**Student:** 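First the structure, which I've put down as structure tokens, then a few questions once you've had a look.
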Protein chains: 2
Amino acid sequence: MENKLPTITEIARRLNISASTVSRALHNHSSIGLRTKMRVQELAKELNYEPNQTAIFFQQRKTFTIGVVLPELSEAFFSAAISGIEDCAYKNKYTVLMGQSHDSEEKEKQIIETMKSHRVDGLLVSIANKTNNYDHFESLKRYNIPVVFFDRIPDMPDIHYVACNLISGTIQAINFLIKKGHRIIGMLNGPEKLAASKEREEGYIQAMKKNRLKFDPTLVVNCDLSTDKVYAATEHLLKLKRKPTAIVVFNDYVALDAVQYARRQKLRINKDICFVSYANLPISHYTAFPPMASVEQFPYLQGQKATETLLELLSNKDSGQEGTNTYYKIILESQLVIKENNIADQVL
Amino acid sequence: MENKLPTITEIARRLNISASTVSRALHNHSSIGLRTKMRVQELAKELNYEPNQTAIFFQQRKTFTIGVVLPELSEAFFSAAISGIEDCAYKNKYTVLMGQSHDSEEKEKQIIETMKSHRVDGLLVSIANKTNNYDHFESLKRYNIPVVFFDRIPDMPDIHYVACNLISGTIQAINFLIKKGHRIIGMLNGPEKLAASKEREEGYIQAMKKNRLKFDPTLVVNCDLSTDKVYAATEHLLKLKRKPTAIVVFNDYVALDAVQYARRQKLRINKDICFVSYANLPISHYTAFPPMASVEQFPYLQGQKATETLLELLSNKDSGQEGTNTYYKIILESQLVIKENNIADQVL
DNA sequence: CAAACCGGCGCAATCGTTTGCACATCGCTA
DNA sequence: TAGCGATGTGCAAACGATTGCGCCGGTTTG
């Protein structure tokens, strides 16, 4: 029953020709006679021949596989991103090898090792929260394995990346709040060293300046994104003497927790306190107190663009012209989405 | 700059010994002298040697890769499942190749082909909604590539699978509703041919019987899960002469839409009409009108169990004893989770 | 008529690793 | 001194596909 997969040699044996002829026949090589081609292709189909990719990978030093390393598959942002990655890779006949770092630097390193030994052609990486040391990426460079970072970008020179410009989105968000009459606006930001956090703060500062409002650093708090810390950070903001009437929150999940906290304090959402956040997750449609607006970061698109970029790097590499020291830095503009039909505004 | 990856042959050349000795030294083979071992391992470390997996895969006819095929990566259920799969695979030194069918049979077939040619050691599959024909799975069997299905199980004999027993969960759900005083209970079910739909209906029927209530088939409607169809199905149920006071809905997402529809009809949720659903998604905590209860299906655990099962099949295969015609049919019990702290019950 | 050419095909090397087997060297025993 | 078992190492085949090169026979060309 052990149905051996047919090989090119087997076909050659049956037809009394050489393996090289079979190979060329299957590739429609011009130097093979029509009769032979036909015979080969017929038998190949009959035997259900399929080339052994592992042999080809080995021989060609190319696996048509890209590795994806990201913190958490079950987070909506990343699952949308990987969906975009997989779709794009699939269209280009690449497959996707996956690993999640769970935000641990150690695991990230190990995954990169595994992927390297699997000889992925290239990597897409969204780095772990806790990663401080970037040696493992440097080593990839030495071995000429291209990497495109997306969303969570390390602070390294000479890298390719795709990211969303959060500055513009943040400015839009602040402008929106100011137009609504808010003057004291807090920011519940993520971990300080994330570029994403820095951009949010940068946007915040710029927007305040443009609106001729004073930038008050005490209104910006950083925290990691665990529920406890979010509660604490929200508490901190709400207990300030200059108490904000609106808070811009790191993302929709965090906003849910912040809202939760505020409600426990008997604050009326959208009256006593307003929230604006990032991500624009579809679930917000259904939540009791969605943020008034959310900055869309287009994860699917980011995944897609990152994949396209990587594939381009790979094709340049194949065609020999590698030395080009240009680095792709692709910035998507974020986009503030204002929520209509806020359920909380409706009658129960 | 083109830093060639070091090979076993390179190490052998430098040390003036043979490649086979190097190979054995690196594997700590007992027949290699201590001195030689040391020298080899030292140089290997110095050169940062890493075995070329593609060569090993090729040689050993084993890739330490499992393929995962599922409908939609960005759905919470599947992203949790794949998270479990990846974690479990990683622990056992396997990597995960991914493909999403987007519920298309055609794409599912193509992905299976790709994975076959990538020589994955085995597959984990949750089948596409629209898959009717199972030939592509039969062919895997012929080639002795083990498959473990999870969650969405095809109606085939002699397969391995991991699934959640929804009957018990459904019975719990109905019992819960009956205890709350409901007598006319509707069911908004998924596509008829899904085993998951059948189980829900089966549970519904059993629960009604046990409670000595008449089973009224008109109270059960099937629909695909698009928003439009859900609206239509909800409308249908709510316009019945024997109008239900509670509805058991296919999953939390669908429940959100059903709730949406009911509210547009000015129905008061949890008063005029109650909902119970499946999945127990964390977002339900934050939604305005979460179902009163939800049947947890443990996606992460399912992924994990499915992976463990597959790995066991693989290790049996390696140790030669394949013929065993036993099929793993692993059933997890689902679990009704009753939502406390229903936001809708609270004061705005 | 010889030379050049070309279509059609096979030979053999290559990729990096593993592994069965043979071989050499050693000390030890009978 | 022959024989033996360890011990340590190398040889070579194998995995399946690709590809540069060369060979053979036939046709065209000068």
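A note on names: the letters A, B, ... follow the listed sequences, proteins ahead of strands, and every chain is numbered from 1. All values derive from a computational prediction rather than experimental measurement.
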**Student:** Tell me if the aromatic rings of A:F57 and B:H118 count as close, with their centers under 6.0 Å from one another.
**Tutor:** yes

**Student:** For the residue pair A:Y328 and A:H160, categorise the inter-ring angle as parallel (less than 30°), tilted (30 to 60°) or perpendicular (more than 60°).
**Tutor:** tilted

**Student:** Does anything in residues 41-55 of chain B reach DNA chain C, meaning a heavy atom under 4.0 Å, and if so which residues?
**Tutor:** B:Y49, B:P51, B:N52, B:A55

**Student:** Determine the interplanar angle of the A:F150 and A:F78 rings, folded into 0 to 90°, and report it as parallel if under 30°, tilted if 30 to 60°, perpendicular if over 60°.
**Tutor:** perpendicular

**Student:** Does the Lys NZ or Arg CZ of A:K62 fall within the cation-pi geometry relative to A:F64 - under 6.0 Å from the ring centre and within 45° of the axis?
**Tutor:** yes

**Student:** In terms of side-chain heavy atoms, does B:S104 have a donor or acceptor partner in B:H102 at a distance below 3.5 Å?
**Tutor:** no

**Student:** Holding to ring pair (Phe, Tyr, Trp, His ring centres under 6.0 Å), I want the full list of residues that pass it with B:F58, two or more places apart in sequence or in another chain.
**Tutor:** A:F58

**Student:** Return the value, rounded to whole Å, for the distance between atom CG of B:L26 and atom C1' of C:dT19.
**Tutor:** 15 Å

**Student:** May I ask you to establish whether A:K329 and A:F149 are in a cation-pi arrangement, using a distance under 6.0 Å from NZ or CZ to the six-membered ring centre and at most 45° from the ring axis?
**Tutor:** no

**Student:** B:K141: what forms a side-chain hydrogen bond (donor to acceptor under 3.5 Å, both in side chains) with it, not counting sequence neighbours?
**Tutor:** none

**Student:** For the helix from C:dC1-D:dG30 to C:dA30-D:dT1, what angle separates the axis at the start from the axis at the finish, each from five pairs, in steps of 10°?
**Tutor:** 70°

**Student:** Can you tell me the distance, in whole Å, between the CZ atom of B:R119 and the C1' atom of D:dC15?
**Tutor:** 12 Å

**Student:** Apply side-chain hydrogen bond (donor to acceptor under 3.5 Å, both in side chains) to A:S117 and list each qualifying residue two or more places apart in sequence or on a separate chain.
**Tutor:** none

**Student:** Round to a whole Å and report the spacing from CZ of A:R13 to C1' of D:dG16.
**Tutor:** 15 Å

**Student:** Rounded to the nearest angstrom, tell me the gap between atom NZ in A:K62 and atom C1' in D:dT18.
**Tutor:** 16 Å

**Student:** Working note: A:D151 + A:Y161, criterion side-chain hydrogen bond (donor to acceptor under 3.5 Å, both in side chains); need CA distance, chi angles, decisive distance, verdict.
**Tutor:** CA-CA 8 Å; A:D151 191 57; A:Y161 65 80; over 6 Å; no

**Student:** Find the distance A:H27:NE2 to D:dT19:P and express it as a whole number of Å.
**Tutor:** 7 Å

**Student:** Kindly determine whether B:Q110 and A:Y90 satisfy side-chain hydrogen bond (donor to acceptor under 3.5 Å, both in side chains), including the steps that lead there.
**Tutor:** CA-CA 10 Å; B:Q110 288 173 9; A:Y90 179 82; 2.4 Å; yes

**Student:** Starting from P on C:dG16, measure out to CZ on A:F57 and report it in whole angstrom.
**Tutor:** 17 Å

**Student:** Between D:dC15 and B:F58, is there a base-stacking contact, meaning the centre of the base's six-membered ring lies under 5.5 Å from the residue's ring centre while the planes stay under 30° apart?
**Tutor:** yes

**Student:** Nearest whole angstrom, please: distance from the C1' of D:dT18 to the CG of A:N28.
**Tutor:** 16 Å

**Student:** For nucleotides 4-14 of chain D, just jot down a letter per nucleotide in 5' to 3' order: B, S or -, based on protein non-hydrogen atoms under 4.0 Å.
**Tutor:** ----BBBBB--

